[in-house]
Colleague: 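Pasting a structure here, questions to come.
Only heavy atoms go into these numbers, but all of them, side chains included; no hydrogens, no water, no symmetry mates.
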Amino acid sequence: MLAWLLSLAACLWLGVVQLYGGWYGYSVSYGGLSFVISIYPPLTIATLWVLWFGYAWGASLAYLSTLLVGFLSGLPPDWALLFAFANPLGLLVMALVYQHVHVRYVPSSLASLLFFVTICFISAVSSATGSFIWSYSNKLSAMGAFAVWQGWWSGNFLQSITTCGPLLLLTPWLLRWRQQRWPQAAGKAPLQQRWALLVALTSLGGVLAFLWLSFLLADRSVMTMGGDSSGAWQQRALLYRDSAMSVYWVLSVLLLALVFLGYRFFMQRTLQLRLAAERVAYERDLALRRQGEAEVARNALHQLNLELAVRMSEVERLQAQLREQASRDPLTGLHNRRYLHQRLPQLLQRAQRSGQALCVVLIDLDHFKAVNDQHGHASGDAVLKMFAGLFTGLLQPEEIVARYGGEEFCLVLPQRTPGEVAALLRALQTAYSGSSLSCAGGELRGLSFSAGIAVLQGGQDSEDSLLQQADAALYQAKAAGRNGWRQYQPA
């Protein structure tokens, strides 16, 4: 960027010097010809930037410097803005040709030099369109417009060849410098068919011109010879023979060159076809190998997916077992207190939203401590398991029974009225009192329990408040002599 800014400053300064120094309209005579040339130094800098760094870098320099010249020369602003596109147009032609033809712009060989001269000529003629804007704005005559146009393209053409040509020899050093700082993938430019066609047409034109000149000069030479003697006709015959022999030798050389070039072309084409066939075979083998590897990988992936599915199923089963174990009491098989605190808030919110009934019951087995003291803890565990088995067939799927702690159990009964809850407790009490259990200290009979019932009163009740109400009603039932239940009544 610093180099571009310095180049811009140089282009602007040289444009001003060129304008006020009168570096245009030089009359030159050479070989009896007289023509006009103009010198425009910013063009050299812009051309080098286009070839070395890209069209945008060089075209911007050419546009800004030409725009300044247009303003300073008195062109109207709109014409000056249009006039400034003249040199960028010529540079665009050069950039596009070198981009698509892929010929080296460094004039290091005769072919590249001739091509560079040709492109410079085409570029100069393209940029000379700006001379018409200049001539129209300055109201020049037809002769003056011709002089400006001639000076523009001839000056640009000669200046590009004489200044840019030698400086382009620095291109290898510049490219190495760029590659060290900004590495880029470099590819070899292939030989273009249009370039080969141009060389072939040029060669053919040279041969035809040689043949035509040979016969033309021979005819004119014969026509100038005088005399009808046998010696004169012999000289004419020898001249025709020499002319024919020269054409013969030229055609022989051309035939040999054609055979040689045809042989080289055939061998080169054969080599290209062989290389193409080898490349196709390699790509085919590579594709088959990759297809086989992909098939193996796909089978392995399918097998892994099957194993993963089995492992996932096993994990899900183990997780379900863990969840079930975490929510169950290991002794009675009923839900535990943790599960109760997970489900009770959900059932409570649903009952509050729908306005349905909900009852919470706390049950405490009467005199359970005496059973443990008199008959042992094994008998107490047996009583707990027997009591837990009595709930089978008495509860609906959405109703919950959980071991609350020790000999306490908790029931959550959605959509049951207090009367229905009392009927359930009555059936449970009958089944429990009618059960007997044999143990080491004798047979246990006449077992009973006490219960407290809390009924959802409205939307203000919470989980804790319902459990506290049921607990308070349970203590009322115990205080009343046990073997019964009480419903919580608010004060």
Side-chain angles (χ1 to χ4, degrees), residues 323-369 383-384 387-432 447-491:
R323 286 193 298 268
E324 183 69 15
Q325 293 175 0
S327 63
R328 292 285 180 179
D329 175 56
L331 178 64
T332 62
L334 301 176
H335 291 295
N336 55 21
R337 189 166 182 171
R338 176 183 178 183
Y339 180 80
L340 175 68
H341 288 305
Q342 290 177 353
R343 288 286 295 151
L344 179 55
Q346 301 173 1
L347 297 175
L348 179 60
Q349 291 179 3
R350 188 177 68 179
Q352 290 173 342
R353 286 195 304 267
S354 61
Q356 298 175 349
L358 177 69
C359 294
V360 176
V361 182
L362 280 180
I363 299 175
D364 183 81
L365 302 184
D366 295 333
H367 309 294
F368 185 77
K369 186 176 182 303
V383 171
L384 292 175
F387 182 74
L390 298 176
F391 289 99
T392 303
L394 295 179
L395 301 180
Q396 300 297 327
E398 61 181 1
E399 296 176 341
I400 299 174
V401 56
R403 185 179 178 187
Y404 197 67
E407 69 275 17
E408 291 184 338
F409 298 85
C410 181
L411 296 176
V412 181
L413 306 172
Q415 301 182 5
R416 289 213 188 199
T417 63
E420 293 173 342
V421 173
L424 173 65
L425 293 177
R426 189 177 298 110
L428 184 62
Q429 186 72 281
T430 300
Y432 185 53
L447 301 174
S448 64
F449 63 82
S450 301
I453 305 173
V455 181
L456 178 63
Q457 299 296 332
Q460 302 300 323
D461 290 330
S462 63
E463 174 189 4
D464 294 337
S465 63
L466 285 177
L467 291 174
Q468 291 174 2
Q469 294 171 15
D471 189 63
L474 174 62
Y475 276 101
Q476 292 177 3
K478 287 184 176 182
R482 295 184 173 85
N483 194 19
W485 52 87
R486 291 288 187 272
Q487 179 178 340
Y488 176 78
Q489 299 295 333

Colleague: What's the separation between atom CG in Leu413 and atom CG in Leu358, rounded to the nearest 0.5 Å?
Modeller: 8.0 Å
Colleague: Test your reading of the model: is there a side-chain donor-acceptor pair from Glu420 to the backbone of Thr417, 3.5 Å cut-off?
Modeller: yes
Colleague: Taking the six-membered ring where the residue is Trp, are the ring centres of Phe409 and Phe449 under 6.0 Å apart?
Modeller: no
Colleague: Mind listing the closest non-hydrogen atom pair of Glu463 and Leu348 along with its distance?
Modeller: N-CD2, 3.5 Å
Colleague: Any salt bridge (charged side-chain N to carboxylate O under 4.0 Å, His left out) involving residues 395-413? Give me the pairs, sequence neighbours left out, ordered by first then second residue.
Modeller: Asp329-Arg403, Arg350-Glu398, Glu399-Arg416
Colleague: Measuring from atom CD of Gln352 to atom OG of Ser462, what distance do you get when rounded to the nearest 0.5 angstrom?
Modeller: 8.5 Å
Colleague: Between Arg426 and Gln429, does any side-chain donor sit less than 3.5 Å from a side-chain acceptor?
Modeller: no
Colleague: Determine whether more than 12 heavy atoms belonging to other residues, nucleotides or ligands lie under 6.0 Å from atom CZ of Arg338.
Modeller: no
Colleague: In Å and rounded to the nearest 0.5 Å, what is the OG to CG distance from Ser465 to Leu456?
Modeller: 8.5 Å
Colleague: For Leu390 versus Leu394, what's the shortest heavy-atom pair and its separation?
Modeller: O-CD1, 3.2 Å
Colleague: If you round to the nearest 0.5 Å, how far is CG of Leu347 from CG of Leu466?
Modeller: 11.5 Å
Colleague: In sequence, state the C-alpha distance, the side-chain angles, and the governing distance for Leu424 and Val361, and then conclude on side-chain contact (heavy atoms from CB on, under 4.5 Å).
Modeller: CA-CA 11 Å; Leu424 173 65; Val361 182; over 6 Å; no
Colleague: What verdict does the side-chain contact (heavy atoms from CB on, under 4.5 Å) test give for Val455 and Val421, after you've listed the backbone C-alpha separation in whole Å, the side-chain angles of each residue and the deciding distance to 0.1 Å?
Modeller: CA-CA 10 Å; Val455 181; Val421 173; over 6 Å; no
Colleague: What's the spacing between Leu411 CG and Ile453 CD1 if we round to 0.5 Å?
Modeller: 9.5 Å
Colleague: Please tabulate, for the side chains in residues 467-479, all donor-acceptor contacts under 3.5 angstrom to protein atoms that are two or more places apart in sequence or on a different chain.
Modeller:
{"from": "Lys478", "atom 1": "NZ", "to": "Asp364", "atom 2": "OD2", "distance (Å)": "2.9"}

Colleague: Indicate the ring-plane relationship of Phe387 and Phe391, choosing parallel, tilted or perpendicular according to the 30° and 60° boundaries.
Modeller: perpendicular
Colleague: What distance separates Phe368 CZ from Leu384 CG, expressed to the nearest 0.5 Å?
Modeller: 3.5 Å
Colleague: Check whether any side-chain N or O of Asn483 sits under 3.5 Å from a backbone N or O of Ser448 as a donor-acceptor pair, and report yes or no.
Modeller: no
Colleague: Are the side chains of Arg343 and His335 in contact, using a 4.5 Å heavy-atom criterion?
Modeller: no
